[in-house]
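Worth saying up front: this structure is predicted, and the values here are computed from it rather than measured. Ligands are counted one by one from 1 in listed order, and the atoms in each one are counted from 1 as well.
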Amino acid sequence: MTTSPMIAFYDGHQIPQLGYGVWQVENDVTEDVVGQALAAGYRHIDTAHIYGNESGVGAALRASGLDRDDVFITSKLWNDDHGYDATLKAFDATMENLGLDVLDLFLIHFPVPSKTLRVETWKAFIELHKQGRIRSIGVSNFRVEDLEELEAATGIIPVINQIELHPYFGQQQLREYHASKAIVTESWSPLGQGGGELTDPVIADIATAHGATPAQVIIAWHLALGLVVIPKSETPERIVANFESLDLRLSATEIAAISALDKGESGRQGANPNTFS
Ligand SMILES: NC(=O)c1ccc[n+]([C@@H]2O[C@H](COP(=O)([O-])OP(=O)(O)OC[C@H]3O[C@@H](n4cnc5c(N)ncnc54)[C@H](OP(=O)(O)O)[C@@H]3O)[C@@H](O)[C@H]2O)c1
């Protein structure tokens, strides 16, 4: 069976580059679709407390019969739980939902600029990491100023920043900053939430040339750029086909043509971290 390449974190751990996201998957179907994803070969599941489906992810993991250490699980701390003590409490709830003793990766879901609790929250993450309850600690939707704030206050840099990133919203500047700090970039909504990119003529032509689907071309583009990528699908054939993107190799010209589709800020589809609370 095809397996995902691994991307190394500076802390010594590694993450499967292609994972499976479960935002907007109802908890009562999560065990089933995550089970399908594990059977298709995914070994990395991306959930969050706010998705309400951590228990379904944990149930799928147990039902799969796979070794715990063979599957990488990410969850995220929600915006209401910023603060040192609140983080410790929320982490316990996440672990109870998942039914796990150790989490592979925990992320601060959003920076929430209207609050000023990012550093206290990060200190709780550092403590949980020291205790061995989280293998790697990171963030999501953080801007350069938020990353700089954590580093200045604690000297500990997140291993990863999970950000909105797809062909129409390429995030070149933030990716360059991450690279300068050895922070891994992870793409959320990598397919643009099933929107315009899937029918874009540039992507359609590349898909035709390879006998691939547009989604496979987009996922292969993320992989070629070295990004961690977590497409979501509840459709059995798409769960399998998206994983098979690992077999698709794009040329440098094709990668450049997809990167050139970037629309800058107008390509953004999801919550803007500048204002989201
Ligand atoms: N950190 C954050 O703030 C944040 C925010 C958003 C998302 N995320 C993470 O990123 C993951 C992925 O992002 P996302 O769920 O927003 O969107 P996405 O993966 O870009 O797109 C998912 C949509 O595309 C459709 N789709 C999937 N595969 C397809 C294919 N092969 N052909 C055509 N359509 C396809 C899905 O439909 P079906 O399901 O009907 O197949 C669904 O409607 C999430 O699940 C979550 O884990 C994180």
Side-chain angles (χ1 to χ4, degrees), residues 15-27 29-30 32-34 36-37 40 42 44-54 56-57 60 72-79 104-112 138-143 146 158 160-171 174 184-200 203-204 207 210 212-223 227-248 267-277:
I15 184 169
Q17 190 179 6
L18 177 57
Y20 176 74
V22 294
W23 180 41
Q24 292 177 319
V25 179
E26 294 296 331
N27 193 43
V29 298
T30 299
D32 176 36
V33 296
V34 172
Q36 291 180 46
Y42 296 85
H44 162 190
I45 310 297
D46 184 87
T47 183
H49 184 72
I50 194 69
Y51 300 171
N53 54 22
E54 291 170 317
V57 170
F72 188 104
I73 306 284
T74 302
S75 194
K76 315 185 191 84
L77 178 92
W78 188 237
N79 302 347
D104 297 284
L105 178 65
F106 200 39
L107 307 178
I108 303 179
H109 206 145
F110 277 91
V112 196
V139 295
S140 178
N141 299 301
F142 270 45
R143 306 158 301 169
D146 305 318
I160 198 165
N161 191 11
Q162 183 185 116
I163 55 173
E164 178 176 351
L165 203 166
H166 38 90
Y168 289 171
F169 191 53
Q171 296 263 34
L174 195 45
V184 172
T185 303
E186 178 171 19
S187 307
W188 64 251
S189 294
L191 302 173
Q193 297 182 14
E197 281 111 323
L198 288 171
T199 52
D200 186 283
I203 291 169
H210 286 274
T213 68
Q216 287 174 327
V217 168
I218 295 171
I219 295 166
W221 172 80
H222 289 274
L223 295 169
L227 306 166
V228 174
V229 54
I230 45 171
K232 171 264 177 189
S233 177
E234 294 177 64
T235 311
E237 323 69 87
R238 292 175 177 171
I239 293 172
V240 171
N242 290 351
F243 192 73
E244 289 170 350
S245 309
L246 289 167
D247 299 326
L248 177 57
R268 187 191 291 279
Q269 291 205 355
N272 187 328
N274 288 326
T275 49
F276 191 67
S277 63

* Name the closest protein heavy atom to atom 14 (P) of ligand 1, giving the residue it belongs to and the distance to 0.1 Å. => Ser189 OG, 3.7 Å
* Do the rings of Phe243 and Tyr42 sit parallel, tilted or perpendicular, given the 30° and 60° boundaries? -> tilted
* Asked: If we only count N/O pairs under 3.5 Å, is Thr213 in contact with ligand 1?
  -> no
* To do: Would you mind checking which non-hydrogen protein atom is closest to atom 44 (C) of ligand 1, with the distance to 0.1 Å?
  => Trp23 CB, 3.5 Å
* Looking only at protein heavy atoms, which one is nearest to atom 20 (O) of ligand 1, and how far off is it? -> Leu191 N, 2.8 Å
* May I ask you to decide if Val25's main-chain N or O and Asn53's side chain share a donor-acceptor pair within less than 3.5 Å? => yes
* Asked: Relative to ligand 1, is Ser233 under 4.0 angstrom through side chain, backbone, both or neither, heavy atoms considered?
  -> both
* Asked: Which ligand 1 atoms does Thr235 reach within 4.0 Å, using its non-hydrogen atoms?
  -> 38 (P), 40 (O), 41 (O)
* Asked: Is the backbone N or O of Ala215 less than 3.5 Å from a side-chain atom of Asn242, with the two atoms forming a donor-acceptor pair by type?
  -> no
* Can you check side-chain contact (heavy atoms from CB on, under 4.5 Å) on Asp247 and Gln216, steps first, answer last? -> CA-CA 9 Å; Asp247 299 326; Gln216 287 174 327; over 6 Å; no
* Spatial distance of atom CZ (Phe72) from atom CG (Asp104) [nearest 0.5 Å] -> 5.0 Å
* So between Glu164, Gln193, Glu234, Gln24, whose heavy atom ends up nearest atom 23 (C) of ligand 1? -> Gln193
* Output yes when a side-chain donor or acceptor of Glu197 lies under 3.5 Å from a complementary backbone atom of Tyr168, and no otherwise. => yes
* Check each of His109, His166, Arg238, Gln269 against atom 29 (C) of ligand 1 and report the one with the nearest heavy atom. => Arg238
* **Nearest option to atom 11 (C) of ligand 1, as decided by whichever heavy atom of Ile230, Asn161, Asn242 sits closest** => Ile230
* To do: Tell me which part of Ser140 gets within contact of ligand 1: side chain, backbone, both or neither, using heavy atoms under 4.0 Å.
  => side chain
* Any idea which protein heavy atom is nearest atom 48 (C) of ligand 1, and the distance to it? -> Gln162 OE1, 3.0 Å
* Could you tell me which atoms of ligand 1, counted from 1 in the order shown, lie closer than 4.0 angstrom to a heavy atom of Gly192? => 20 (O)
* Asked: Going by heavy atoms in the side chains, are Leu191 and His166 under 4.5 Å from each other?
  -> no
* Asked: Going by heavy atoms, is Pro231 under 4.0 Å from ligand 1?
  -> yes
* Close approach, Ala241 and ligand 1, non-hydrogen under 4.0 angstrom -> no
* Check against side-chain contact (heavy atoms from CB on, under 4.5 Å), His222 and Leu165 -> CA-CA 9 Å; His222 289 274; Leu165 203 166; 4.1 Å; yes
* Which atoms of ligand 1 sit under 4.0 Å from any heavy atom of Phe110? -> 3 (O)
* Does a sphere of radius 6.0 Å around CD in Glu26 hold more than 12 heavy atoms from other residues, nucleotides or ligands, not counting ones at 6.0 Å or beyond? -> no
* To do: Heavy-atom contacts with Ala215 under 4.0 Å: which atoms of ligand 1 show up? List them by number with element.
  => 30 (C), 31 (N), 32 (N)
* Measure from the side-chain N and O atoms of Glu164 to the backbone N and O of Arg268, and report whether any donor-acceptor pair falls under 3.5 Å. => no
* To do: Can you pull out the closest protein heavy atom to atom 46 (C) of ligand 1? Residue, atom name and distance to 0.1 Å, please.
  => Tyr51 OH, 3.4 Å
* Protein contact to atom 47 (O) of ligand 1 [nearest heavy atom, distance to 0.1 Å] -> Asp46 OD2, 2.7 Å
* At a non-hydrogen distance cut-off of under 4.0 Å, which region of Leu198 contacts ligand 1 (side chain, backbone, both, or neither)? -> side chain
* Given side chains that start at C-beta, do those of Pro167 and Ile218 come closer than 4.5 Å, heavy atoms only? -> yes
* Asked: How far is atom 6 (C) of ligand 1 from its nearest protein heavy atom, and which residue and atom is that?
  -> Trp188 CE3, 3.1 Å
* What protein heavy atom sits nearest atom 22 (C) of ligand 1, and how far away is it? -> Lys232 O, 3.4 Å
* Are any of the heavy atoms in Tyr20 under 4.0 Å away from ligand 1? -> no
* Report yes if Val22 has an N/O atom closer than 3.5 Å to an N/O atom of ligand 1; otherwise report no. => yes
* Asked: Would you find a donor on one side and an acceptor on the other, under 3.5 Å apart, between the side chain of Asn161 and the backbone of Phe142?
  -> yes
* Asked: For the ring pair Trp78 and His109, is the centre-to-centre distance below 6.0 Å?
  -> yes
* Side chain, backbone, both or neither: the part of Asn141 lying under 4.0 Å from ligand 1 by heavy atom -> side chain
* **Salt-bridge contact Lys232-Asp46 (side-chain N to carboxylate O under 4.0 Å)** => no
